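Everything below concerns the one structure shown next.
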Amino acid sequence: MTQEKLLLLDGNSLAYRAFFALPPLTNSQGIHTNSVYGFTTMLQKILEEEQPTHILVAFDAGKTTFRHSTYTEYKGGRQKTPPELSEQFPYLRKLVEAYNMKRYELENYEADDIIGTLARQAESRGLPVVVISGDKDLTQLATDNTTVYITRKGMTDIEHYTPAHIEEKYGLKPLQIIDMKGLMGDASDNIPGVPGVGEKTAIKLLKEHPSVEEVYENIDAMKASKMKEKLVANKEQALMSKELATILLEAPIEVKVDDLKWDGPNVDELFTLWKELDFKTLIEKSEYESEEHETMELDYKIVDDLTDKELVTGLAIHLEIENEHYHTALQLGVAFVNEEQAYFVTYENVLKSESIKNYLEDEQKVKYVFDLKKHQAAFARDGIKLQGIEFDLLLAAYIDDPAFASDDVAAVSNHYHYSDIQSNEVVYGKGAKRTNPEGEALAEHACRQALAVFTVRDRVLKKLHENEQFDLYNEIELPLAKVLAGMEIEGIRVEASTLEEMGVEIKARLAEIEANIYAAAGEKFNINSPKQLGVVLFETLGLPVIKKTKTGYSTAADVLDKLKPEHDIIEHILQYRQLGKLQSTYIEGLTKEIHADDHKIHTRYQQALTATGRLSSTDPNLQNIPIRLEEGRKIRQAFIPEKEGWQLFAADYSQIELRVLAHMSQDENLMQAFLHGLDIHTNTAMKVFHVEEDAVTSNMRRAAKAVNFGIVYGISDYGLSQNLDISRKEAAEFIERYFESFPGVKTYMEDIVKEAKSQGYVTTLLNRRRYLPDLNSSNFNLRSFAERTAMNTPIQGSAADIIKKAMIDMDLALKEHKLQAKMLLQVHDELIFEAPVEEIAILEKLVPEVMANTVKLDVPLLADYSAGNTWYDAK
DNA sequence: GGTATCACG
DNA sequence: ACGTACGTGATACCC
C-alpha cells in the first residue's frame, strides 16, 4: 500500500512562471509552446519524485475576486497577458486532461484560496500535502503536514518551503509571511504595504513583534524615526495589505479531497498531445524511462530445445548475460526471434542442445544481434563458435551517430522510435537492488530485445545507406568486431610474479618517501588527499599558490614542478605520486585482472564508445600501460608471450595523424616533408624559426613538436602556452609563423570549421561522422570547443579508420600466410602480436607492409617495428 | 556520484 | 573578455 499524498498545483502561476523562465519555443505549426513545455517538465519531475495519489490543478476564475471589494486596485496595473502565452492556455487545459488530473476554478476566488482550503481539509485527516506554485505568497501555507514547492530560475529547479526552511531563510513562522507582505506589500499584485518598508525592515519589525497588529500595538514605544512616521501614516493600508495577502482557508469550494484521486495519465492522449507540440525529447525520455508504459503483447514461448523448423536463417538472437563483463559474466539464456516466432531457451538448455549449437555455428544461417563481439566472446567460453552474424545494431547505431553510443538495447531502439522494450536498468534494478531476472521476466526481456534488433534493423540500414556509411559499417566495423573478439578471447599472458616483485620494492620505497614527507611537513596526513596535501603545502608550509581548482588549491604535477625550487618536499611528493600510481593502478590493478586459469588478461575493447571512432579498452585498460618514464615502463616486463620460444612483436605508425593532416590539407610543405622522409618536428622548426637544419636546437625542436601537437588538437594560443610554459603572446606568434609556413594547413582548418558549421557535422577519411551541434552555440566556450573538435576529429578519426582497416587486413594476412602469429593488442597507432621466434622475420616484413598499404594517401604511411621477449623489450 | 590526478595515444 | 589544448580509463577522496 502506497502512502497517500495530495498534490495541489497553482495553474496560473506555474503557466506564467514557465512562460517567462523559458526561451520562446514553437512547434512546427508556429504555436508557442514554452509555457506548456515548462509546465510539463516540472510536472514529470514532481510526479516521479512525489508519487502523489491525489492531484488538483487550481486556476483563477475571471477577472475580479472578493479581494477587489476590499481594494479595487488589487492586481491593478498588470501587463496584459502576452498573446504568445494566451494561445497556450488551451493546450495547458488539454495537458491537464491528458494527465487525468482534476482541474478546478471558482468564481470570485483565486487559485490560492482553493489550494489553501483543500490543504486544510487534507490536514484535518492527516493526508500529506505538496503545494506547487511560482508565487512565494503560498509559502504561508507551510505546516508540518504541508510543504510548499516554489519553482526557481528554470522550471525544474524547485525550492522546498517547510516551516523549518522558512525559519532558516527569513527567521519567521509561515503565517508571518502574511504579515511580512502586509508591511512590505507586493508589487506584482499591486498590494501597497507600507511605502519604504522592504523585506529586510519587515523581517526586523516582525522579529520584535510577531504580527502587523502587534507592531502597531507597540508603536508608541518605538523611538522616533522616518520609518516610524511611515508606519503610523500607513496603518490602515498595512492592515488592508495583510488582509489582501491572506489566503482563504475556507473558500466555498465544491470539491472534496476524495474527488481528487489520481490513477496516472492517459498515456495515449498525453503522447498525442506531446507529438502535436513537438516535445520530442520528452517523448523519447519518457518512453525509455517509463517503467509502466504499456508494452504490446508479445507471444513468446520458453522451450527446452528448438528444431530445424524454428532455427531458420534471418533470426535475431539475443544472449542475455548477468552483467557487461562478458568474459566472466554468467550466461542466462538466448532468445530466437523473427516476425512470426519468439523463443527463449535457458543457457543451460542451449548447452545441451546439439541442434541449437549447430545453428549458432552455421555460417549459412544469417543472424542479427546487438553487440556481435559480446555474443562471440560469451559463447566462445563454452566452445561455441558463433558465426553467420550479418547485422549488429550496436555498431550500426554507432556509425549512424557516435553520440548515441549505449550498451542498452532499449536506449538505442528508442532512438529509432521503437519503444516496445524495457531498459536493463528497469529489468535488473540498479545499485544494491540489482538482481538477475528469472523465468518469465528473463525470457520476455530477452525476446523483446531480440525483437527490437529485428525490427529496427531496416530503419538503421536505410539511414546508413542514405548517409553513404554502409561501407564503413559493413566493411570496417562489422569485420573488425570479429577480429577484436579473437584478440580479446586470446588475451595476453601477464606474469603475476614479475608484478609482485616490483610491488614489494615499490612498497618499501613508498614507505621511505612517506616518512620523508611527514618529516618535511612536520605532521602526518593523507598524501593521497589533494585537499589535505593542499593545506600542508599552501598553509602549513606557506608555498605560493600557482593554480586553483573549483574546490581548492591545485596540486597537479605541472604546479608541483614549478614549486620544486621552493621546498624539498615537492620532489618527494612527485616521487610518491608516481610510485603510488604504479602500485595501485598497475601492480595491484593488473594483478586483479589476471585470470587464474590461463594466467592471461582479457581486456574488453569498447567499439561503440568514442566520439572520434577510436577504440577504448576497459577491465583493464591496456591502452595506457606506462612507457614514458623508465620506472613505469618496467611494468611491460610482465607482459609476455603465451608460449616458450615465442616473442612479442610491436609495430606502430609513425606520425600517422600529421600524415593524415598532410593528405587532407594537401599543404605543399607538409606533404614534401613526408615525401622526402624528413624528421617532421625538425622540419617544422626550420620553417617556423627560419633556420637551416644544423641550426635547429633541441629547444626549437621541442617547441615545434608542441606546435605540431597543437595543430592536431585544434590549436589555441592558450593551450600551447600552457604546454610550453611560455606567454600567450609568444604562443600566438608561434602559431602565426606556423601558418605562414604551412598556409595549406591554415586554409584547411578554416574550411573544415566553415563546412562543419553549414552541414552540422565533420567526416573522416572513411566517412565516419561526428555531429557538432555546439558550433552555433551562443556560449563562447561551447562554441570554441566545438570548433577545435571540428579540426581534431577528422584527423584523429581518420587515423582510427586507417588502423581499423589495417587490423582487418592484418588478420586476413596472418591467415593467408598460415602463420601461428596472433594479433593481441591495439593501442591507437600500434599493434602488438605474439609469434614463434621463427616467424618474427616474416612479421618484420609483413606487418609494416600491410599497415603502410591499407589505404592510399597522397603521402606515404610508415610503420616502425620491434620484437622482444617481453612487451618492454619490444621497443 | 563528482572531482582531482595521472596513465596512454 | 570569455577560458581552453584532442581522445580515453582507473584510482582515491569525499560528500
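Naming: A, B, ... by sequence-line order, numbering from 1 per chain. No experiment lies behind these values; they were computed from the predicted model shown.
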Under the rule for side chain to side chain donor-acceptor pair (under 3.5 Å), what residues qualify as partners of [X], not counting sequence neighbours?
X        : value
A/Asp679 : A/Thr682, A/Arg701
A/Gln637 : none
A/Glu566 : none

Name all stems that contain residues of DNA chain C, defined as runs of 3 or more consecutive Watson-Crick or G-U wobble pairs, both distances under 3.5 Å.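 Paired runs of 3+ in DNA chain C: B:1-9 with C:6-14.
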
Which residues within residues 781-803 of chain A lie with some heavy atom under 4.0 Å of an atom in DNA chain B?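 Output list: A/Gln796.
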
Selection: residues 627-635 of chain A, any non-hydrogen atom under 4.0 Å of DNA chain B: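 Heavy-atom contacts with DNA chain B come from A/Ile627, A/Arg628.
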
side-chain hydrogen bond (donor to acceptor under 3.5 Å, both in side chains): which pairs involve residues 729-739 of chain A, sequence neighbours left out?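 Passing the test, one end in residues 729-739 of chain A: A/Ser727-A/Glu730.
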
Strand contacts (DNA chain C) in [range], 4.0 angstrom heavy-atom criterion:
range                       : answer
residues 700-714 of chain A : A/Ala706, A/Gly710, A/Tyr713
residues 736-751 of chain A : none
residues 722-733 of chain A : A/Asn723, A/Arg728

B/dC6 and C/dA5: how far apart are their P atoms, nearest whole angstrom?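 15 Å, rounded to whole Å.
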
Per-nt protein contacts along nucleotides 9-15 of chain C (heavy atom under 4.0 Å; B base, S backbone sugar-phosphate only, - none) come out as BBSSSSS

Under the side chain to side chain contact (heavy atoms under 4.5 Å, CB included) test, residues paired with A/His572 that sit two or more places apart: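 A/His572: side chain to side chain contact (heavy atoms under 4.5 Å, CB included) contacts with A/Ile513, A/Asn516, A/Ile517.
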
